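Comments concern the structure below.
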2 protein chains.
Amino acid sequence: MAVDRRKLIVEAAAQSFALFGYKATTMDQVAKLANVGKGTIYTFFSNKEELFDEIMNLLIREIKQVADAEYDADRTFFDNLNRILHRILDFREKHQLAVKLAHEVRDMGTPKAIEGLNKLEEAIIGYIQAKIQIAIDKRELKPCDPKITAFVMLKLYLALASEWQHSHEALAKEKIAELFKLYLLDGLTMA
Amino acid sequence: MAVDRRKLIVEAAAQSFALFGYKATTMDQVAKLANVGKGTIYTFFSNKEELFDEIMNLLIREIKQVADAEYDADRTFFDNLNRILHRILDFREKHQLAVKLAHEVRDMGTPKAIEGLNKLEEAIIGYIQAKIQIAIDKRELKPCDPKITAFVMLKLYLALASEWQHSHEALAKEKIAELFKLYLLDGLTMA
DNA sequence: AACTGACTGTATTTCATTTTCGGTCAATTA
DNA sequence: TAATTGACCGAAAATGAAATACAGTCAGTT
């Protein structure tokens with residue numbers, strides 16, 4: 001059986017984007033890594049952007065798998081949510097491609113890298129949104145706009161898990177879970 | 001009475017930083033605007049950074065005044081908080097200096113501009129923190145870490161008032177207040 | 001028919017030169 | 001003689017022209 005050139009290209013591209021980011025990945029580079037003529041890439045992907053989109057979609061699928069692996073219908077919504085958010089952010093900050101793109105956005109503001117990470121964030125929000133809808137249907141949560149709620153939950157989690165430590169001691173995973181529950185689920189008003 | 005050169009310098013600097021940002025404000029520029037020899041600036045401020053700090057402190061004091069003007073001890077904590085956050089963010093996005101610095105951070109990442117805005121954010125959090133402490137003492141809020149809570153409140157408000165509209169229709173001020181109450185005060189769990 | 005890599009025009013990088021700017025201090029002013 | 005000034009300094013940044021690198025093409029090869 002002949003080699004699957006498309007697969008070679010995708011693997012080479014994934015490696016290169018993760019190692020060098022969007023801008024510093026060249027089509028010549030990918031072609032060489034994949035042992036393929038540059039023209040061959042253009043028979044599968046019409047340009048660099050499309051190739052990058054393919055890689056980002058793979059990353060998003062990977063993250064969904066990680067999240068699904070953590071989900072357990074027997075647990076409470078809150079328990080699942082906390083575990084999933086923790087796993088997703090942990091995965092993201094360990095995954096070479098996500099880290100590299102974040103640096104690229106910070107250091108150079110590469111538009112395509114910004115777009116890629118936005119798409120990733122949207123995917124995460126979409127995922128959480130679905131879980132929230134289920135929880136609302138099960139009367140586990142008050143009725144609320146699932147999209148805004150998912151957005152707020154991710155932002156709150158990011159604020160506690162990531163932004164807080166920019167100027168303070170990092171919060172432990174359990175502390176974050178506790179705060180998350182206090183602020184968003186129980187609320188701050190006296191009983 | 002002789003002219004108050006320090007005051008002239010501070011006024012010129014405030015104008016220049018607001019008009020051109022940190023980087024594009026030159027000491028020669030400030031001296032000329034203030035009708036003062038450049039050396040004179042250095043008898044009051046030991047360098048550009050200190051002059052900038054003075055201007056930032058003035059801005060912070062101004063914001064505190066705006067917030068205090070909105071505060072009314074007779075209203076509920078939540079009502080006050082919403083009004084204050086709205087006024088502060090509104091003030092900030094209308095104040096030339098704050099806007100200019102935000103652009104400078106976005107476009108060029110000027111370290112001193114980043115530092116200045118961080119200081120401003122810290123001041124806002126400190127202000128809210130004090131109000132939260134009062135509310136806790138009055139048994140209007142559950143006991144909680146006032147600093148983290150202030151941080152979370154600001155972040156949530158910013159997420160709803162500013163970040164949300166990056167990819168969606170902006171939320172009305174009243175809608176934001178309603179969501180703010182739902183998420184942080186009442187909580188999402190069913191009664 | 002599938003694949004290749006030399007080729008092309010544009011975009012980016014490089015680098016030597018010029019200009020700008022924060023900060024100093026000897027001269028000047030009041 | 002204390003306060004004020006602006007010419008001056010070295011370091012840093014802007015400039016621009018020449019060199020290089022790149023995405024995408026396509027005539028030629030397998």
Side-chain angles (χ1 to χ4, degrees), chain A residues 1-17 19-56 100-101 103-105 107-116, chain B residues 1-17 19-56 100-101 103-105 107-116:
Chain A
M1 174 200 165
V3 280
D4 181 348
R5 287 179 208 284
R6 190 181 195 281
K7 196 180 160 201
L8 288 176
I9 290 167
V10 167
E11 279 166 0
Q15 210 183 332
S16 184
F17 283 128
L19 226 48
F20 307 115
Y22 180 81
K23 192 154 174 296
T25 285
T26 71
M27 297 302 260
D28 284 290
Q29 168 102 261
V30 173
K32 184 157 283 181
L33 253 169
N35 275 314
V36 141
K38 184 158 59 153
T40 306
I41 300 179
Y42 288 89
T43 66
F44 297 109
F45 303 96
S46 63
N47 52 41
K48 189 178 174 180
E49 260 186 60
E50 277 201 7
L51 178 57
F52 180 63
D53 284 347
E54 169 88 6
I55 305 304
M56 281 307 296
K100 192 75 207 173
L101 289 178
H103 285 167
E104 199 175 346
V105 169
D107 299 344
M108 324 195 297
T110 315
K112 251 290 160 191
I114 295 176
E115 197 186 311
Chain B
M1 175 200 166
V3 281
D4 181 349
R5 290 183 156 69
R6 190 181 196 283
K7 195 180 162 202
L8 288 176
I9 291 167
V10 167
E11 278 165 3
Q15 209 182 335
S16 184
F17 282 128
L19 227 48
F20 308 114
Y22 180 82
K23 194 155 174 295
T25 285
T26 71
M27 298 303 262
D28 285 289
Q29 168 103 259
V30 172
K32 183 158 285 179
L33 252 169
N35 276 314
V36 140
K38 183 157 63 150
T40 305
I41 300 178
Y42 288 90
T43 66
F44 297 110
F45 304 96
S46 63
N47 51 42
K48 188 178 175 182
E49 260 186 60
E50 276 201 8
L51 179 56
F52 180 64
D53 284 347
E54 170 88 6
I55 305 304
M56 282 307 296
K100 192 74 207 175
L101 289 178
H103 286 166
E104 198 174 347
V105 169
D107 300 343
M108 324 194 299
T110 314
K112 251 292 158 189
I114 296 176
E115 198 186 310

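Because the structure is a prediction, the values reported are computed rather than measured. Numbers restart at 1 for each chain; the letters A, B, ... are given by sequence-line order, proteins then strands. Basis for what follows: all heavy atoms, side chains included, without hydrogens, waters or symmetry-related copies.
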### Task
Would you mind classifying the nucleic acid contact of B:Lys23 as base, sugar-phosphate or nothing, using non-hydrogen atoms under 4.0 angstrom?
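B:Lys23: backbone/sugar contact only, no base atoms under 4.0 Å.
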
### Message
Heavy atoms only, 4.0 Å cut-off, all strands: where does A:Thr26 land among base, sugar-phosphate and nothing?
### Response
sugar-phosphate

Atom [atom1] of [X] and atom [atom2] of [Y]: how far apart are they, to the nearest 0.5 Å?
X        : Y        : atom1 : atom2 : value
A:Ile9   : A:Leu33  : CD1   : CG    : 11.5 Å
B:Lys38  : B:Asp28  : NZ    : CG    : 4.0 Å
B:Thr25  : B:Lys112 : OG1   : NZ    : 13.5 Å
A:Thr110 : A:Glu104 : OG1   : CD    : 3.5 Å
B:Phe45  : B:Ile55  : CZ    : CD1   : 6.5 Å
A:Met56  : A:Glu49  : CE    : CD    : 13.0 Å

## Note on the structure
With a 4.0 Å cut-off (strictly under) to non-hydrogen atoms of chain A, the first and last hit nts on DNA chain C, 5' to 3', are C:dC3 to C:dT13

### Query
Between B:Val36 and A:Ala24, who's closer to the 5' end of DNA chain D by nearest nucleotide?
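On the 5' side of the pair lies B:Val36.
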
### Query
Is the NZ or CZ atom of B:Lys7 both under 6.0 Å from the centre of the six-membered ring of B:Phe44 and within 45° of that ring's axis?
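Judged by the rule, B:Lys7 and B:Phe44 form no cation-pi pair.
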
### Query
Looking only at side-chain N and O atoms, does B:Lys38 come under 4.0 Å of OP1 or OP2 in D:dT5?
no

Find the distance [X]:[atom1] to [N]:[atom2] and express it as a whole number of Å.
X       : N      : atom1 : atom2 : answer
A:Arg5  : D:dT30 : CZ    : C1'   : 11 Å
B:Ile41 : D:dA3  : CD1   : P     : 17 Å
B:Ile9  : D:dT5  : CD1   : C1'   : 12 Å
A:Asn47 : D:dT25 : CG    : P     : 9 Å
B:Tyr42 : D:dC8  : OH    : P     : 18 Å
A:Phe52 : D:dA23 : CZ    : P     : 14 Å
B:Leu8  : D:dA3  : CG    : P     : 17 Å
B:Asp28 : D:dA7  : CG    : P     : 10 Å

### Task
Starting from the 5' end of DNA chain C, give me the residue, A:Gly39 or B:Lys48, whose nearest nucleotide shows up first.
A:Gly39

